[in-house]
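Quick note: residue numbers are just sequence positions, from 1. Note: hydrogens, waters and symmetry copies are ignored here, and every other heavy atom, side chains too, is used. Predicted model only: the values in this text are computed from it and were never measured.
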Amino acid sequence: MHRQITAEQYDGWPPEQCVGIEIVDGMISVAPSATKRQNRLARLLANALDHAAGPEWNADTNFDVRLQDVPLTNRRPDVVVYRADTIDISPTRPEHVLLVVEVVSPGSETTDRVVKVDQYAKAGIAFYWRVELAATGVPLVYTHVLDPATGLYRDADVFAGEVKAVAPFPVTVELTII
């Protein structure tokens with residue numbers, strides 16, 4: 001029989017134990033391993049968003065966002081844009097977050113397209129981007145904006161384009177509406 005994990009228990013774990021897992025309704029959910037391509041795309045997006053966000057916002061990868069305490073739900077988005085003045089506050093809460101980005105991988109399609117959308121909206125995160133690689137290898141970015149009246153995301157624009165580094169920095173994102 002599985003037991004739910006509390007926020008206090010999770011907060012006592014060493015960071016290396018938390019890598020590669022998410023907690024959903026108090027239960028451990030092992031995330032599928034990201035490919036090198038997905039990791040690179042997430043890193044390039046984070047660098048570009050960090051550069052574009054200015055000094056009031058940070059964009060980073062690979063850390064938990066605490067969506068709720070009871071039952072514990074921690075998600076680990078591929079990219080998080082959060083208020084710079086909350087960098088030392090742990091756990092990162094939805095009210096600190098402006099945007100979460102999920103890079104869809106084989107095995108995470110349903111979770112990224114349906115489950116996480118609902119969870120991030122319920123938590124009140126203003127923007128959600130889902131990035132999928134087209135058959136051509138070009139990233140497609142599906143943007144969603146939280147509708148405060150309904151508490152649900154509404155579809156916004158879909159972009160296609162290239163994420164690339166400009167020697168040596170900053171990273172630019174060249175996306176066009178499709």
> Minimum heavy-atom separation for Arg130 to Val104, with atom names?
Replying inline: CG-CG2, 3.4 Å
> Asp155 and His144: side chain to side chain contact (heavy atoms under 4.5 Å, CB included), yes or no, with the steps?
Replying inline: CA-CA 5 Å; Asp155 293 341; His144 307 275; 3.0 Å; yes
>> For Pro77 versus Val100, what's the shortest heavy-atom pair and its separation?
In response: CG-CG1, 3.8 Å
> From Arg76 CZ over to Ser29 OG, what is the distance, rounded to the nearest 0.5 angstrom?
Replying inline: 12.0 Å
> When rounded to the nearest 0.5 angstrom, what distance separates CG in Leu49 from CG in Asn58?
Replying inline: 11.5 Å
> Are Tyr10 and Ile28 connected in the hydrophobic side-chain network, where two residues link if heavy atoms are under 4.5 Å apart?
Replying inline: yes
> Does the side chain to side chain contact (heavy atoms under 4.5 Å, CB included) test come out yes or no for Asp60 and Val80, once each step is laid out?
Replying inline: CA-CA 6 Å; Asp60 283 312; Val80 180; 5.8 Å; no
> Could you go step by step and tell me if Phe127 and Val145 meet the side chain to side chain contact (heavy atoms under 4.5 Å, CB included) rule?
Replying inline: CA-CA 5 Å; Phe127 300 95; Val145 178; 3.8 Å; yes
> What are the two closest heavy atoms between Ala123 and Pro94, and how far apart are they?
Replying inline: O-CB, 3.3 Å
>> Check whether Gln4 reaches the backbone of Asp25 with its side chain - one donor and one acceptor, N or O, closer than 3.5 Å.
In response: yes
> Atom CG of Asn62 and atom CG of Asp78: how far apart are they, to the nearest 0.5 Å?
Replying inline: 9.0 Å
>> Any heavy-atom pair between the side chains of Leu41 and Pro139 that's under 4.5 Å?
In response: yes
>> I'd like to know if Val131 and Leu133 are part of one continuous hydrophobic network [Ile/Leu/Val/Met/Phe/Trp/Tyr, side-chain heavy atoms within less than 4.5 Å].
In response: yes
>> Could you walk me through whether Lys116 and Glu22 satisfy the salt bridge (charged side-chain N to carboxylate O under 4.0 Å, His left out) test, starting with their C-alpha distance in whole Å, then the side-chain angles of each, then the deciding distance to 0.1 Å, before giving a yes or no?
In response: CA-CA 11 Å; Lys116 289 182 180 181; Glu22 294 179 317; 3.5 Å; yes
> Could you walk me through whether Tyr128 and Glu102 pass the side chain to side chain donor-acceptor pair (under 3.5 Å) check?
Replying inline: CA-CA 8 Å; Tyr128 173 69; Glu102 293 288 356; 5.5 Å; no
> Strictly by modelled atom types, are Tyr153 and Asp118 linked by a side-chain donor-acceptor pair under 3.5 Å?
Replying inline: no
>> Applying the side-chain contact (heavy atoms from CB on, under 4.5 Å) criterion to Arg66, which one of Ile23, Asp11, Thr73, Thr92 satisfies it?
In response: Asp11
> Out of curiosity, does Ile125 fall in the hydrophobic cluster containing Phe63 (side-chain heavy atoms, cut-off under 4.5 Å, transitive links)?
Replying inline: yes
>> Test salt bridge (charged side-chain N to carboxylate O under 4.0 Å, His left out) on Asp50 and Arg43; report intermediate values, then the result.
In response: CA-CA 10 Å; Asp50 195 56; Arg43 184 172 43 82; over 6 Å; no
> Between Pro71 and Gly26, what is the shortest heavy-atom contact and its length?
Replying inline: CB-N, 4.0 Å
>> Rounded at 0.5 Å granularity, tell me how far CG in Leu45 sits from OG1 in Thr61.
In response: 10.5 Å
> Any link between Val117 and Val158 through a network of hydrophobic side chains (Ile, Leu, Val, Met, Phe, Trp, Tyr) touching at under 4.5 Å?
Replying inline: no
> Going through the distances and angles, do Arg40 and Leu44 end up as a side chain to side chain contact (heavy atoms under 4.5 Å, CB included)?
Replying inline: CA-CA 6 Å; Arg40 180 166 174 73; Leu44 289 172; 4.0 Å; yes
> Looking at NE2 of His96 and CG of Leu98, how far apart are the two atoms once the value is rounded to the nearest 0.5 Å?
Replying inline: 13.5 Å
> Do you know the tightest heavy-atom contact between Asp85 and Ile89?
Replying inline: O-CD1, 4.5 Å
> For the residue pair Asn74 and Asp64, what are the closest heavy atoms and their distance?
Replying inline: ND2-OD2, 3.5 Å
> Atom CD in Gln119, atom OG1 in Thr111: separation rounded to 0.5 Å?
Replying inline: 8.5 Å
>> How about CD on Glu56, more than 12 heavy atoms from neighbouring residues, nucleotides or ligands closer than 6.0 Å, or not?
In response: no
> Does any N or O in the side chain of His51 come within less than 3.5 Å of the main-chain N or O of Ala48, such that one atom is a donor and the other an acceptor?
Replying inline: no
> Any chance CZ of Arg37 has more than 12 other-residue heavy atoms, nucleotides or ligands included, within less than 6.0 Å?
Replying inline: no
>> Are Val79 and Trp57 linked, directly or through intermediate hydrophobic residues, by side-chain heavy-atom contacts shorter than 4.5 Å (ILVMFWY only)?
In response: yes
